[in-house]
Number of protein chains: 2
Amino acid sequence: MNIPNRPATIADVARQAGVSIATVSRVLNGTTRVIPETAERVQDAIRALNYVPRTAARVLASRRTNTLGLLLPEISGAFFSSMLRGIEAAARGAGFDLLIHTTGEPRHALPHARLPLGEHNTDGLLAFTASLENEEITRLYSIGLPLVLMHQTFTGCEIPTITIENKSGAAHIVAHLIEAHGRRRIVFLRGPESHEDSAWRERGYCEALETHGLQVDPALISLGGFQRETAQAAIQDLLARDVAFDAVFSGDDEAALGVLTALQAAGVAVPQEVSVVGFDDIPFAPFLSPPLTTVRAPIEQVGSEAVKQLVRLIRGERADLLTLLPTEMVIRNSCGCT
Amino acid sequence: MNIPNRPATIADVARQAGVSIATVSRVLNGTTRVIPETAERVQDAIRALNYVPRTAARVLASRRTNTLGLLLPEISGAFFSSMLRGIEAAARGAGFDLLIHTTGEPRHALPHARLPLGEHNTDGLLAFTASLENEEITRLYSIGLPLVLMHQTFTGCEIPTITIENKSGAAHIVAHLIEAHGRRRIVFLRGPESHEDSAWRERGYCEALETHGLQVDPALISLGGFQRETAQAAIQDLLARDVAFDAVFSGDDEAALGVLTALQAAGVAVPQEVSVVGFDDIPFAPFLSPPLTTVRAPIEQVGSEAVKQLVRLIRGERADLLTLLPTEMVIRNSCGCT
DNA sequence: GTTTGTCCTGAAAGCGCTTACATGGATTAT
DNA sequence: ATAATCCATGTAAGCGCTTTCAGGACAAAC
């Protein structure tokens, strides 16, 4: 193996193959027909010199980055890894690289700090939940940067959005609690405030109650934050204040963990005394005790679908403005079924 | 907000501020002192034009990509998301972007396909487990591309490696099974063949047995593959063949899920009849039933440490050739402790 | 034989930056 | 006062590609 001091450039290849750099570029990109014999010589030279085109030079010259940006509020949990899996596979399938950035919590500290991802280094952006401020969405949209939102809607601009059937999923599982298990005082734990999924799930919860002639009792609605600890504290608080309830719809599966922990610590039998259900169907749901009844969200598919729409946008094709993926109730034991 | 047809370039800023592009570049990068008053004018122009430097142009001109590449065999599970979290945060902290690529399973299909990550678009590479073939490692090393390996050692080249105390962690937990719970016939489930972690854990398992005067019985060593399904099948097979055992060290936590499933399905009481322990301490370990005794691996820290070493290499500083992070036994109930 | 196409290839102009190197005014030493 | 030194800034040469345009070769058509 030769150890060139400086890696080969397109000029080296051209020289070695006895052609111009334009021709090398053409066989590299297949933009124009090249006599097969010449192309062969170029390919040989490429192999011989171990030539790899410099991405930056290509990007600069072609004004296309071939890169997708992914913006997330945070990286954690099983939810995230499913989504990334879908995104990464789809992006690669479409020939794009993936640049990832988490916006983190203290975003408001630097309100106008420039995002490290944007029009200058990506062909398009995927934004999950509240990772992008409205103002920034508007700006990016106005300069024509392709944008796709996941689990978040934005009115005013025509931005493709991928989300899931939160409301009906939630309504189904709450209805199940009422119909199959006769529960009447069902706690709902909200997710983070900015989280649209949570708002829709709450709406589904309310609708299911009303459909069955039950009042929505504000005392039964509390903050779970889609987090184990927050949910645990919420249930402990309810217990401490002697609020009566016979079921908990925990907002998501992560929060269900906290709910189960709090209930078990308090000696409340699940599901005999209190039913517990979640949302998402993360991989561990079947392994909780009791195995968690929940709503399956096609998370990986959200990721791949988002990439699909974004790529369409980048190619100047029409994209679907709203993709609503179906959810499905998964009955296990924590609701009371056996 | 103005909607420029073409985004501003450094030349536009220079014109607006009445300076040369070199001066703009200098205030952008802080490479040379610039009269504060001039700098201020430039900053104003930048803001006014909504200027963002094009990454590609910078990369091309400076010959630094400011990007780290991450190579993974796959994206899945809680393990991965902890690691990525550590990596992403550290990379950003050091001012680098992150490009991710999963090599996937069928790598041998295209033995010489060029990796999409390498010397042409990253300043350095992070490789996890078996994501890089030896030949490619050698090539990258020989051309001087900074490289850091995680959970994988490579002899012959001086490449910094980050890994964890697999052997002693495994030895401790197996010793605990023997000493505290009197177990003698302990099953060990191997991980994937190429996985070094697995080999070290097996070594720890063997040493612990020998230290306590127990024979290593090959019949008790089986393949768990660090996967739920594989582990489940392995235990079912052991049960079907009536191999007697009173404990299972499942290789990792993911496999422990399969073990618990198989055991429970067969009506074997855990931990009364059989103790089960894992490795990693993924976030769900406390929520299994029974809560899983395991070994805590500082996964997030592996990621951040790897970035730290890689950045040192990139800066031309000396890096530590081997970073061995400590593990710690976490006693819960699945071993028999209460 | 000249003209008109058709193909393939080469020349060269950027893409938007960074970074020697040059310049010239202000400051200090002689 | 003159020369030496500094500093802040400008000039311009690339970085390694893509892409437009032009040109040469050759075949078919007039």
Side-chain angles (χ1 to χ4, degrees), chain A residues 4-43 45-46 49-67 95 97 114 118-123, chain B residues 4-43 45-46 49-67 95 97 114 118-123:
Chain A
N5 232 350
R6 296 237 329 301
T9 71
I10 198 172
D12 298 323
V13 175
R15 197 174 316 117
Q16 167 111 3
V19 297
S20 72
I21 62 167
T23 299
V24 176
S25 174
R26 287 193 264 259
V27 347
L28 239 30
N29 301 295
T31 41
T32 309
R33 235 190 87 79
V34 171
I35 294 275
E37 190 180 287
T38 312
E40 191 59 45
R41 274 215 318 288
V42 172
Q43 295 288 11
I46 290 176
L49 298 174
N50 224 314
Y51 168 69
V52 186
R54 231 63 84 245
T55 307
R58 282 184 119 137
V59 168
L60 187 56
S62 68
R63 302 141 144 302
R64 272 176 272 109
T65 68
N66 244 281
T67 299
D97 279 338
R114 178 80 46 216
E119 67 277 21
H120 55 294
N121 59 357
T122 59
D123 288 344
Chain B
N5 230 352
R6 294 239 330 301
T9 71
I10 198 172
D12 298 323
V13 175
R15 194 174 318 119
Q16 167 112 3
V19 297
S20 73
I21 61 169
T23 299
V24 177
S25 174
R26 288 193 264 259
V27 347
L28 240 30
N29 301 295
T31 42
T32 310
R33 234 191 89 80
V34 170
I35 295 277
E37 190 180 287
T38 313
E40 191 59 45
R41 273 216 317 287
V42 172
Q43 295 286 12
I46 289 176
L49 298 174
N50 225 312
Y51 168 70
V52 187
R54 233 63 86 241
T55 308
R58 281 182 119 139
V59 168
L60 187 58
S62 67
R63 302 144 141 300
R64 273 177 270 107
T65 67
N66 245 280
T67 299
D97 279 338
R114 176 84 44 220
E119 66 275 23
H120 56 293
N121 60 357
T122 60
D123 288 346

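Note that these values count all heavy atoms, side chains included, but never hydrogens, waters or copies made by symmetry. Letters go in sequence order (proteins before strands), and every chain restarts at 1.
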Pairs touching residues 9-37 of chain A that satisfy salt bridge (charged side-chain N to carboxylate O under 4.0 Å, His left out), sequence neighbours left out
A:D12-A:R15
Among A:I35, A:T23, A:V19, whose side chain to side chain contact (heavy atoms under 4.5 Å, CB included) with A:R41 holds?
A:V19
For the residue pair B:A14 and B:S20, what are the closest heavy atoms and their distance?
CB-C, 3.7 Å
Could you give the angle between the helix axes at the two ends of the helix from C:dG1-D:dC30 to C:dT30-D:dA1, with five pairs per end, rounded to 10 degrees?
50°
First locate atom CD1 of B:I10, then atom CD1 of B:I21, and finally report the distance between them rounded to the nearest 0.5 Å.
5.5 Å
Start and end of chain A contact along DNA chain D [non-hydrogen atoms, under 4.0 Å]:
D:dG16 to D:dT20
Spatial distance of atom OG1 (B:T9) from atom OH (B:Y51) [nearest 0.5 Å]:
7.0 Å
Sorted by chain and number, sequence neighbours left out, side chain to side chain donor-acceptor pair (under 3.5 Å) with A:N121 holds for none
OG1 of A:T122 to CG of A:D97: how many Å apart, nearest 0.5 Å?
12.0 Å
Between the protein and nucleotides 17-22 of chain C, which nitrogen or oxygen pairs are less than 3.5 angstrom apart?
unit_1: C:dC17; atom_1: OP1; unit_2: B:Y51; atom_2: OH; d: 2.7
unit_1: C:dC17; atom_1: OP1; unit_2: B:R54; atom_2: N; d: 3.3
unit_1: C:dC17; atom_1: OP2; unit_2: B:I10; atom_2: N; d: 2.6
unit_1: C:dC17; atom_1: O5'; unit_2: B:Y51; atom_2: OH; d: 3.2
unit_1: C:dT18; atom_1: OP1; unit_2: B:N29; atom_2: OD1; d: 3.4
unit_1: C:dT18; atom_1: OP1; unit_2: B:N29; atom_2: ND2; d: 3.0
unit_1: C:dT18; atom_1: OP1; unit_2: B:R58; atom_2: NE; d: 3.1
unit_1: C:dT18; atom_1: OP2; unit_2: B:S25; atom_2: OG; d: 2.5
unit_1: C:dT19; atom_1: OP1; unit_2: B:R64; atom_2: NH2; d: 2.9

Rounded to the nearest 0.5 Å, the CG atom of B:L60 sits from the OG1 atom of A:T55 at a distance of 11.0 Å
Donor-acceptor pair, side chain of B:T67 and main chain of B:T65, under 3.5 angstrom
yes
Please classify the nucleic acid contact of B:V59 as base, sugar-phosphate, or nothing, using heavy-atom distances under 4.0 Å.
nothing
With sequence neighbours excluded, give me every salt bridge (charged side-chain N to carboxylate O under 4.0 Å, His left out) pair touching residues 51-66 of chain B.
none
So, is A:R33 near the phosphate of C:dC8, with a side-chain N or O under 4.0 Å from OP1 or OP2?
yes
